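Data block below; observations after.
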There are 2 protein chains.
Amino acid sequence: MPRADAVSNRARIVEVARDLLNSTSELPMNAVAKAAGVGQGTLYRNFATREALLAEVYRADVDQLVASAPQLLAEHDAATAFRRWLDNVADYARVKRGVLAALEPGPGHALAAGHSGPIGEVIEVLLAAGRAEGSIRADVSAQDVLLLLGFLSREEAAEPAHHLLDLIFNGLRTR
Amino acid sequence: MPRADAVSNRARIVEVARDLLNSTSELPMNAVAKAAGVGQGTLYRNFATREALLAEVYRADVDQLVASAPQLLAEHDAATAFRRWLDNVADYARVKRGVLAALEPGPGHALAAGHSGPIGEVIEVLLAAGRAEGSIRADVSAQDVLLLLGFLSREEAAEPAHHLLDLIFNGLRTR
DNA sequence: CTTGTAAGTGGACACGTGTCCGGTTAGTCT
DNA sequence: AGACTAACCGGACACGTGTCCACTTACAAG
């Protein structure tokens, strides 16, 4: 059972981080610690990396992203749903630059286990639907897609994101 | 006309950096400066970023990579040549982890001008050949390819590189 | 040979990151 | 209530990065 102050500290860290991101879109770890009134030790114990902190801050957004997939699958064929979902990811990534960092597999975090968090599972679902439909290559894993999506984290790729997604998605399709 | 000592300093910096990479595969900038017997100021003036230094160290390798493209185009059809060339890139990237950093477009360096250095030009040549042949999509730019190749810089992508290249190349092809 | 000066030098500095550890405190047990 | 202990706290620290600027020196002109 975690201590009460530890819980509130963690919550305050996330809250402060969200505020910082809204105002400056920068996220210096030591600034977060100072603003939250905790030491760096506490900050790093709760969130070992900046990505972990971002993941918590954007968890609601990630959840929404995850939730949109089944909805898309219900309304469209698998290929279209997949394509639309990728567009959703790109849109989120452009608005909130941190989202993509949040869904990236941490070092040694994703390679060992097969699942790369909720996002990985959703991609797997979309891939499975596409495979069943015959529109998506059978040799594509969620890990592959995640890796290919890595370009979204590059700053240079703000605008042509949809175009690049087009190329990537074209590559995932059967021919 | 640059000063004589400046020239030798620059050469020694590159030499030292190469040695460091061969022994530790790490490249701390201040370590390079100290080992080369120059101040950090000198180092950063000659090479504004670590990438610039890596680019110089691996220039010979990059040149070889660039030279292999026309050769491949002479021996195979454009699509095959392009595919083989991508494999070459992946092989280089796996052996010398720094090569990929060397060919990446620096911030604001590649977006403005159309050319992203020699690598960008080679890719453009391969793309043009593929377009003429009708096997490569017309809406693909060298910049796109460079961005998509960005996954090579991720550590996690050491082994499945060829598979991912397969997916990417599949995306570049016409259908 | 002396002097001028523009280029070059190199180290101090400010900043961000992540680790480590002595002190503190919440929750529990008697 | 009082004491114990394990978890927690938070700041000092060591390290790497990149910038800045006072000093030095190569080269040229008189």
Side-chain angles (χ1 to χ4, degrees), chain A residues 1-57 97-98 101-102 104-109 153-155, chain B residues 1-57 97-98 101-102 104-109 153-155:
Chain A
M1 175 178 169
R3 262 163 54 171
D5 59 338
V7 172
S8 75
N9 269 342
R10 183 186 170 95
R12 201 166 57 259
I13 287 172
V14 173
E15 187 180 350
V16 163
R18 199 190 319 271
D19 289 350
L20 274 185
L21 281 172
N22 282 344
S23 60
T24 68
S25 76
E26 298 270 313
L27 193 60
M29 292 298 267
N30 55 10
V32 174
K34 190 155 63 174
V38 302
Q40 293 177 337
T42 300
L43 173 55
Y44 277 100
R45 200 167 338 96
N46 277 285
F47 304 100
T49 66
R50 186 197 326 286
E51 287 65 43
L53 177 52
L54 285 171
E56 186 64 25
V57 170
R97 199 59 61 99
E104 274 176 27
H109 174 266
S153 58
R154 310 267 161 186
E155 307 235 336
Chain B
M1 173 178 171
R3 262 163 52 170
D5 59 338
V7 172
S8 75
N9 269 342
R10 184 186 168 95
R12 202 166 58 259
I13 287 173
V14 174
E15 187 180 351
V16 163
R18 199 191 317 272
D19 290 350
L20 274 186
L21 280 172
N22 282 344
S23 60
T24 69
S25 76
E26 298 271 314
L27 193 59
M29 293 298 266
N30 54 10
V32 174
K34 190 155 62 174
V38 303
Q40 294 176 336
T42 300
L43 174 56
Y44 278 100
R45 197 168 343 93
N46 277 287
F47 304 100
T49 66
R50 188 198 324 287
E51 287 65 44
L53 178 52
L54 285 171
E56 185 64 25
V57 170
R97 201 56 62 100
E104 274 176 29
H109 174 267
S153 59
R154 310 266 162 188
E155 307 235 335

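Only heavy atoms go into these numbers, but all of them, side chains included; no hydrogens, no water, no symmetry mates. What you are looking at is a predicted structure, and each value in this text was computed from that prediction instead of being measured. Below, chain A is the first sequence line, B the second, and so on; all start at residue 1.
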How long is the span from the [atom1] atom in [X] to the [atom2] atom in [Y], to the nearest 0.5 Å?
X       : Y       : atom1 : atom2 : result
A:Gln40 : A:Lys34 : CD    : NZ    : 10.0 Å
A:Leu43 : A:Asn30 : CG    : CG    : 9.0 Å
A:Thr42 : A:Arg45 : OG1   : CZ    : 4.5 Å

- Item | Shortest non-hydrogen contact between B:Met29 and B:Tyr44, atoms and distance |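 Closest heavy-atom pair between B:Met29 and B:Tyr44: CB-OH, 3.4 Å.
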- Query: What are the two closest heavy atoms between B:Val38 and B:Arg12, and how far apart are they?
  - Reply: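 What the structure gives for the nearest pair is CG1-NH2, 4.0 Å.
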- Task: Describe the nucleic acid contact of A:Ala4 in one word from base, sugar-phosphate, nothing, applying a heavy-atom distance below 4.0 Å.
- Result: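 Contact class for A:Ala4: sugar-phosphate only.
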- Message: Need one value for B:Asn30: base, sugar-phosphate or nothing, where a base atom within 4.0 Å counts as base even if backbone is also close, heavy atoms only.
- Response: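 Base contact.
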- Task: Check each residue of residues 33-50 of chain B for a non-hydrogen atom within less than 4.0 Å of any atom in DNA chain D, then write out the ones that pass by number, or none.
- Result: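 Going residue by residue through residues 33-50 of chain B, the ones with a heavy atom under 4.0 Å of DNA chain D turn out to be B:Gln40, B:Gly41, B:Tyr44, B:Arg50.
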- Message: Please give me every residue in residues 7-19 of chain A whose heavy atoms get under 4.0 Å of an atom in DNA chain D, ordered by residue number.
- Response: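 Contacting residues: A:Asn9.
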Using atom [atom1] of [X] as one end and atom [atom2] of [N] as the other, report the distance to the nearest whole Å.
X       : N      : atom1 : atom2 : answer
B:Arg3  : D:dT25 : CZ    : C1'   : 5 Å
B:Asp5  : C:dG8  : CG    : P     : 9 Å
B:Glu26 : D:dT17 : CD    : C1'   : 14 Å

- Message: Show, in sequence, the C-alpha distance, side-chain angles and deciding distance for A:Leu21 and A:Leu54, and conclude whether the side chain to side chain contact (heavy atoms under 4.5 Å, CB included) test is met.
- Response: CA-CA 9 Å; A:Leu21 281 172; A:Leu54 285 171; 3.6 Å; yes
- Is A:Leu20 close to A:Glu26 at the side-chain level, that is, under 4.5 Å between some pair of heavy atoms?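 With C-beta onward as the side chain, the pair stays apart.
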- Applying side-chain contact (heavy atoms from CB on, under 4.5 Å), name anything that partners B:Arg18, two or more places apart in sequence or on another chain.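 Counting only residues at least two positions away or on another chain, B:Arg18 forms a side-chain contact (heavy atoms from CB on, under 4.5 Å) with B:Val14, B:Asn22, B:Val57.
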